[in-house]
Colleague: 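To start, I am sharing the structure in question, which I have written as structure tokens.
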Amino acid sequence: MPRLKNQYFFGNITLLRWKLTESWQELLGHCTTKKIKIDFDSLPQSDKRRCEQLAEYLLLSHYFMGIHVKLGHDEHGAPRILGFDDIYLSISHTRGIVMIALSEHEPMGIDVECISERVVKVRHKFVNDTENADISSVNATDLTLVWTAKEAMYKLAGVPGASLRDDFTIRSTVFTGASNEHSLRAHTTAAGTQQDIELCSIIDREEAMVTTVAVFYRTPSERLYRR
């Protein structure tokens with residue numbers, strides 16, 4: 001159960017990653033070995049979703065050092081750990097990668113995406129007019145970075161129906177092809193009032209993947225990302 005490279009950049013937020021190579025039956029076997037209680041009838045019908053959900057339980061078992069926990073959802077459909085209301089959780093999946101972010105200190109949103117040219121075609125759906133002047137890149141890596149930022153902010157805000165394009169705006173846009181780490185500032189009006197957000201991203205060029213974490217902005221001495 002490897003943790004994400006360079007996880008120390010994310011302060012008190014723990015990131016756990018599972019790269020799926022097993023069938024759901026093999027993952028279920030791992031759960032049985034670790035005495036993780038799984039209600040088989042409640043598992044999704046799709047093999048893909050079964051694999052993802054079982055990997056989530058295995059990662060949580062690792063975090064809680066074998067203590068059995070159960071996943072549920074809040075009133076907005078966001079994942080939560082039943083019985084552990086003081087632990088914040090965010091989950092993301094992409095092409096065989098399951099990523100979980102956990103914090104005992106603050107809410108956060110996480111998104112992981114494989115770098116793909118498809119984001120270039122749909123940039124108008126998540127880059128707004130205010131951002132267009134600065135986000136002029138048509139590079140798939142840069143735009144995947146923006147896409148994960150918007151998705152992570154959406155999960156952090158927890159406002160159903162919020163618009164990635166119109167309710168979340170990246171203020172600082174530093175995109176350099178040589179850099180694998182990014183710290184950006186943004187804000188959201190999704191909750192009806194403006195809230196500042198800090199974004200931290202890592203580009204894994206070996207696996208062609210971007211991971212972004214969003215938290216509500218803090219003072220410079222408390223920032224999530226510090227070189």
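As the structure is a computational prediction, the values presented were derived from the model and not from experiment.
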Colleague: Tell me whether T189 contacts the main-chain N or O of G192 through its side chain, where contact means a donor paired with an acceptor under 3.5 Å.
Modeller: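 The answer is no, because no donor-acceptor pair under 3.5 Å joins these two groups.
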
Colleague: Which heavy atom of M153 sits nearest a heavy atom of A214, and at what distance?
Modeller: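 M153 and A214 have their closest heavy atoms at N-CB, 3.9 Å.
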
Colleague: So which pairs with a foot in residues 88-144 pass ring-ring contact (aromatic ring centres under 6.0 Å, His included), sequence neighbours left out?
Modeller: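 Passing the test, one end in residues 88-144: F126-W147.
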
Colleague: Test side chain to side chain contact (heavy atoms under 4.5 Å, CB included) on M209 and V112; report intermediate values, then the result.
Modeller: CA-CA 7 Å; M209 183 178 73; V112 56; 3.4 Å; yes

Colleague: Mind listing the closest non-hydrogen atom pair of L199 and A186 along with its distance?
Modeller: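 Residues L199 and A186, closest heavy atoms: CD1-CB, 3.8 Å.
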
Colleague: So how far is it from I97 CD1 to E113 CD, rounded to the nearest 0.5 Å?
Modeller: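 Output value for this atom pair is 12.0 Å.
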
Colleague: Could I get the full list of salt bridge (Lys or Arg N to Asp or Glu O under 4.0 Å) partners for K125, not counting sequence neighbours?
Modeller: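 Per chain and number, K125 pairs via salt bridge (Lys or Arg N to Asp or Glu O under 4.0 Å) with no residue.
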
Colleague: For a quick test of reading the model, state the closest non-hydrogen atom pair linking P79 to I91 and the distance between them.
Modeller: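 Looks like CB-CD1, 3.9 Å.
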
Colleague: Does a side-chain heavy-atom distance below 4.5 Å link N12 with E106?
Modeller: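 N12 vs E106: side chains touch.
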
Colleague: Testing the basics here: between P107 and V215, what is the closest heavy-atom pair and its distance to 0.1 Å?
Modeller: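 The answer is O-CG1, 4.0 Å.
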
Colleague: Any chain of hydrophobic side-chain contacts (each under 4.5 Å) joining L102 to L82?
Modeller: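 No, L102 and L82 fall in different hydrophobic clusters.
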
Colleague: How would you list, by chain and number, every residue that makes a salt bridge (Lys or Arg N to Asp or Glu O under 4.0 Å) with D129, sequence neighbours excluded?
Modeller: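 Scan of D129 (salt bridge (Lys or Arg N to Asp or Glu O under 4.0 Å), adjacent residues dropped) gives R165.
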
Colleague: Shared ILVMFWY cluster between I38 and V98, side chains joined below 4.5 angstrom?
Modeller: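 The answer is yes; both residues are in one hydrophobic cluster.
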
Colleague: Side chains of I36 and Y57: closer than 4.5 Å at any heavy-atom pair?
Modeller: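 Side-chain contact under 4.5 Å: yes.
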
Colleague: Tell me, please, which residues at least two apart from Y154 pass ring pair (Phe, Tyr, Trp, His ring centres under 6.0 Å).
Modeller: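 Ring pair (Phe, Tyr, Trp, His ring centres under 6.0 Å) check on Y154 returns nothing, list empty.
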
Colleague: Going by the side-chain hydrogen bond (donor to acceptor under 3.5 Å, both in side chains) test, which pairs reach into residues 67-85, not counting sequence neighbours?
Modeller: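 For residues 67-85, and leaving out neighbouring residues, the side-chain hydrogen bond (donor to acceptor under 3.5 Å, both in side chains) pairs sorted by first residue read R80-D85.
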
Colleague: Please list, chain by chain and in numerical order, all residues satisfying ring pair (Phe, Tyr, Trp, His ring centres under 6.0 Å) with F216, sequence neighbours excluded.
Modeller: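 Per chain and number, F216 pairs via ring pair (Phe, Tyr, Trp, His ring centres under 6.0 Å) with no residue.
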
Colleague: Any sub-3.5 Å donor-acceptor pair from K150's side-chain atoms to F168's backbone N or O?
Modeller: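 A pair under 3.5 Å: yes.
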
Colleague: Enumerate the residue pairs fulfilling ring-ring contact (aromatic ring centres under 6.0 Å, His included) with a member in residues 24-53, sequence neighbours excluded, ordered by first and then second residue.
Modeller: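 For residues 24-53: W24-F40.
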
Colleague: Where the side chain of K155 meets the backbone of A78, is there a donor-acceptor pair that is under 3.5 Å apart?
Modeller: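 Checked: no pair found.
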
Colleague: Kindly indicate whether the side chain of V120, heavy atoms from C-beta on, has any atom under 4.5 Å from the side chain of E117.
Modeller: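 Touching, per the 4.5 Å side-chain cut-off.
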
Colleague: Check the hydrophobic clustering (I, L, V, M, F, W, Y; side-chain heavy atoms under 4.5 Å; chains of links allowed) and say if F84 and L58 are grouped together.
Modeller: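 In one cluster: yes.
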
Colleague: If you round to the nearest 0.5 Å, how far is CD1 of I100 from CG of L15?
Modeller: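 Output value for this atom pair is 10.5 Å.
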
Colleague: Residues two or more places apart in sequence or in another chain: which of them pass side-chain hydrogen bond (donor to acceptor under 3.5 Å, both in side chains) with D196?
Modeller: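 Testing D196 for side-chain hydrogen bond (donor to acceptor under 3.5 Å, both in side chains), a comparison that skips the adjacent residues, returns R171, R185.
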
Colleague: Hey, what do you get for NZ (K37) to OG1 (T32), rounding to the nearest 0.5 Å?
Modeller: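 The OG1 atom of T32 is 13.0 Å from NZ of K37, to the nearest 0.5 Å.
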
Colleague: Is there a side-chain contact between L164 and E151 (heavy atoms, below 4.5 Å)?
Modeller: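 Result yes, sub-4.5 Å side-chain heavy-atom pair found.
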
Colleague: Could you give me the CA-CA distance, side-chain angles and deciding distance for L20 and L27, then say whether side chain to side chain contact (heavy atoms under 4.5 Å, CB included) is met?
Modeller: CA-CA 9 Å; L20 289 167; L27 291 167; 3.7 Å; yes

Colleague: Atom OG in S90, atom CE in M99: separation rounded to 0.5 Å?
Modeller: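 Here the rounded value is 11.0 Å.
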
Colleague: With distance as the sole test, does E131 use its side chain to make a donor-acceptor pair with the main-chain N or O of I170 at under 3.5 Å?
Modeller: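 Pair found, side chain donor or acceptor close to backbone of I170.
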
Colleague: Rounded to the nearest 0.5 Å, how far does CG of D39 lie from CG of D41?
Modeller: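 The CG atom of D41 sits 5.5 Å away from the CG atom of D39.
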
Colleague: Start with the C-alpha distance between T148 and T211, add both sets of side-chain angles, then the distance that settles side chain to side chain contact (heavy atoms under 4.5 Å, CB included), and finish with yes or no.
Modeller: CA-CA 7 Å; T148 60; T211 301; over 6 Å; no

Colleague: State which residues pass side-chain hydrogen bond (donor to acceptor under 3.5 Å, both in side chains) with E22; sequence neighbours excluded, sorted by chain then number.
Modeller: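 By the side-chain hydrogen bond (donor to acceptor under 3.5 Å, both in side chains) rule, E22 matches W18.
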
Colleague: Could you tell me whether R17 and E207 make a salt bridge, using a distance below 4.0 angstrom between a side-chain N and a carboxylate O?
Modeller: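 Here R17 pairs with E207 in a salt bridge, since their nearest N and O are under 4.0 Å apart.
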
Colleague: Taking all heavy atoms of T188 and all of D167, pick out the closest pair and write down the distance.
Modeller: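 Nearest heavy atoms, T188 then D167: OG1-O, 2.9 Å.
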
Colleague: At what distance, to the nearest 0.5 angstrom, does CG of L145 lie from CD1 of I202?
Modeller: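 Between atom CG of L145 and atom CD1 of I202 there are 11.5 Å.
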
Colleague: So, using side-chain contact (heavy atoms from CB on, under 4.5 Å) as the criterion, who are the partners of S23 when residues are at least two apart?
Modeller: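 Only Q25, E26 meet the side-chain contact (heavy atoms from CB on, under 4.5 Å) criterion with S23.
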
Colleague: Minimum heavy-atom separation for V119 and T144, please, with both atom names.
Modeller: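 Reported closest heavy-atom pair: CG2-OG1, 3.7 Å.
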
Colleague: Should L143 and V122 be marked as a side chain to side chain contact (heavy atoms under 4.5 Å, CB included) after you check the CA-CA gap, both sets of side-chain angles, and the distance that decides it?
Modeller: CA-CA 10 Å; L143 289 176; V122 297; over 6 Å; no

Colleague: Return yes if a side-chain donor-acceptor contact under 3.5 Å exists between T169 and N128, otherwise no.
Modeller: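 A pair is found: one side chain offers a donor N or O, the other an acceptor, under 3.5 Å apart.
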
Colleague: Taking the side chain as everything from C-beta on, heavy atoms only, tell me whether L60 gets closer than 4.5 Å to L71.
Modeller: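 In short, these two side chains touch, coming nearer than 4.5 Å.
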
Colleague: If we only count heavy atoms from C-beta on, is the V210 to T212 side-chain gap below 4.5 Å?
Modeller: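 In short, these two side chains touch, coming nearer than 4.5 Å.
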
Colleague: Can you list everything that forms a salt bridge (Lys or Arg N to Asp or Glu O under 4.0 Å) with E56? Sequence neighbours excluded, please.
Modeller: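 Residues passing salt bridge (Lys or Arg N to Asp or Glu O under 4.0 Å) with E56: none at all.
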
Colleague: Test of understanding: with side-chain hydrogen bond (donor to acceptor under 3.5 Å, both in side chains), list the residues that count as partners of R49, not counting sequence neighbours.
Modeller: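 Scan of R49 (side-chain hydrogen bond (donor to acceptor under 3.5 Å, both in side chains), adjacent residues dropped) gives E52.
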
